[in-house]
Amino acid sequence: VQLQASGGGSVQAGGFLRLSCAASGRPFSNYEMGWFRQAPGKEREFVAAIRWSGIGTYLEDSVKGRFTISRDNAKNTVYLQMNSLKPEDTAVYYCAARSGTYYYAPLKTSPLDYDYWGQGTLVTVSS
């Protein structure tokens with residue numbers, strides 16, 4: 001599956017952005033989807049994940065209450081709504097896909113568990 005992330009940009013602290021990740025090539029509903037981010041000089045870290053059905057999400061503690069992950073399988077797209085942005089959210093954001101239609105297995109948070117990656121979209125939050 002090919003992934004194309006978009007929606008990044010520059011905003012002031014407290015602002016919002018909505019990232020999109022469009023998938024193509026294989027049935028989108030066969031994949032769990034995740035968002036990761038990588039700040040300069042830091043390792044890639046987990047942000048959010050969503051089950052193939054859209055029922056079931058998991059977010060990293062620092063973004064809970066501010067970010068929401070969702071998907072539209074009819075549009076082959078996963079979204080990351082980011083509200084109340086902070087300067088520490090500044091990073092390149094990547095979407096990723098993991099093969100599988102699991103119902104009960106925990107959503108994965110390690111980049112090593114994901115099979116396909118988009119090219120990344122830059123989010124810059126200024127104070």
Side-chain angles (χ1 to χ4, degrees):
V1 65
Q2 292 79 46
L3 304 175
Q4 181 74 36
S6 62
S10 297
V11 297
Q12 290 190 327
F16 64 92
L17 285 171
R18 188 194 197 199
L19 306 184
S20 299
C21 175
S24 61
R26 292 190 179 182
F28 182 61
S29 58
N30 288 354
Y31 298 90
E32 293 184 348
M33 299 297 296
W35 285 97
F36 291 78
R37 64 187 180 186
Q38 188 165 18
K42 295 188 177 181
E43 293 186 353
R44 192 167 298 189
E45 65 176 7
F46 171 78
V47 176
I50 188 167
R51 209 169 291 283
W52 63 275
S53 63
I55 301 174
T57 63
Y58 184 71
L59 290 97
E60 193 270 330
D61 286 346
S62 69
V63 306
K64 285 180 180 177
R66 300 189 298 123
F67 292 10
T68 303
I69 185 171
S70 62
R71 68 189 292 163
D72 185 337
N73 286 349
K75 295 182 178 180
N76 295 341
T77 302
V78 62
Y79 305 97
L80 186 68
Q81 178 69 42
M82 305 186 297
N83 298 329
S84 302
L85 283 162
K86 303 176 180 180
E88 51 263 44
D89 295 318
T90 295
V92 176
Y93 283 70
Y94 298 89
C95 59
R98 174 175 179 256
S99 301
T101 54
Y102 307 98
Y103 285 88
Y104 303 114
L107 289 163
K108 298 298 185 181
T109 62
S110 169
L112 299 177
D113 289 313
Y114 288 78
D115 306 305
Y116 304 96
W117 291 84
Q119 84 290 0
T121 185
L122 177 62
V123 172
T124 303
V125 185
S126 58
S127 58

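Note that the structure is predicted; figures quoted are calculated from it, not measured.
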Subject >> Residue pair Met82, Val11: steps toward the side-chain contact (heavy atoms from CB on, under 4.5 Å) verdict >> reply: CA-CA 11 Å; Met82 305 186 297; Val11 297; over 6 Å; no
Original post:
When you measure from the side chain of Asp89 to the backbone N and O of Ala13, does any donor-acceptor pair fall under 3.5 Å?
Top reply: no
**OP:** Look only at the side chain of Tyr31 and the backbone of Asp115, and say whether a donor-acceptor pair between them is shorter than 3.5 Å.
**Re:** no
Subject >> From CA spacing to verdict: side-chain contact (heavy atoms from CB on, under 4.5 Å), Leu19, Val123 >> reply: CA-CA 9 Å; Leu19 306 184; Val123 172; 4.1 Å; yes
Subject >> From OH (Tyr58) to NZ (Lys64), nearest 0.5 Å >> reply: 5.0 Å
Original post:
What orientation do Phe36 and Trp117 show, parallel under 30°, tilted 30 to 60°, or perpendicular over 60°?
Top reply: tilted
**OP:** In sequence, state the C-alpha distance, the side-chain angles, and the governing distance for Ser6 and Thr121, and then conclude on side-chain contact (heavy atoms from CB on, under 4.5 Å).
**Re:** CA-CA 6 Å; Ser6 62; Thr121 185; 5.5 Å; no
Original post:
So how far is it from Leu107 CG to Leu59 CG, rounded to the nearest 0.5 Å?
Top reply: 10.0 Å
Original post:
Stepwise, does the side-chain contact (heavy atoms from CB on, under 4.5 Å) test hold for Leu3 with Met33?
Top reply: CA-CA 10 Å; Leu3 304 175; Met33 299 297 296; 4.0 Å; yes
Original post:
Counting N and O atoms only, with roles assigned by atom type, does the side chain of Thr90 sit under 3.5 Å from a partner on the main chain of Val125, one being a donor and the other an acceptor?
Top reply: yes
**OP:** Quick one: closest heavy-atom pair of Thr77 and Ser20, and the distance?
**Re:** CG2-CB, 4.2 Å
**OP:** Determine yes or no for a side-chain-to-main-chain donor-acceptor pair under 3.5 angstrom, with Gln38 supplying the side chain and Ala91 the backbone.
**Re:** no
**OP:** Taking Arg71 for its side chain and Phe28 for its backbone only, find out whether a donor-acceptor pair lies under 3.5 Å.
**Re:** yes
**OP:** Specify the closest pair of heavy atoms between Pro87 and Ser126, including all atoms of both residues, with the distance to one decimal.
**Re:** CG-C, 4.5 Å
Original post:
Do Arg18's NZ or CZ and the ring of Tyr79 fall within the cation-pi criteria of under 6.0 Å and 45°?
Top reply: yes
Original post:
Considering residues, nucleotides and ligands other than Gln12, do more than 12 of their heavy atoms fall under 6.0 Å from its CD?
Top reply: no
Subject >> Any side-chain heavy-atom pair of Ser99 and Tyr116 under 4.5 Å >> reply: yes
Subject >> From Ser29 atom OG to Arg51 atom CZ, the distance as rounded to the nearest 0.5 Å >> reply: 14.5 Å
**OP:** For Tyr93 and Arg37, test the side chains for any donor-to-acceptor distance below 3.5 angstrom and give the result as yes or no.
**Re:** yes
Original post:
So if you build clusters from Ile, Leu, Val, Met, Phe, Trp, Tyr with side-chain heavy-atom gaps below 4.5 Å, do Leu85 and Phe46 land together?
Top reply: no
Original post:
Under a 4.5 Å side-chain heavy-atom rule over Ile, Leu, Val, Met, Phe, Trp and Tyr, are Ile69 and Val47 clustered together?
Top reply: yes
Subject >> Exercise: identify the closest heavy-atom pair between Ala23 and Val1 >> reply: CB-CG2, 3.9 Å
**OP:** Treating Ile, Leu, Val, Met, Phe, Trp and Tyr as nodes and any side-chain heavy-atom pair under 4.5 angstrom as an edge, say whether Leu17 and Tyr94 lie in one connected cluster.
**Re:** no
Original post:
How long is the span from the NZ atom in Lys108 to the OH atom in Tyr114, to the nearest 0.5 Å?
Top reply: 9.0 Å
Original post:
Distance from Thr101 atom OG1 to Asn30 atom CG, nearest 0.5 Å?
Top reply: 6.5 Å
Original post:
Are there more than 12 heavy atoms of other residues, nucleotides or ligands under 6.0 Å from atom NZ of Lys75?
Top reply: no
Subject >> Glu88 side, atom CD; Ser62 side, atom OG - distance, nearest 0.5 Å >> reply: 8.0 Å
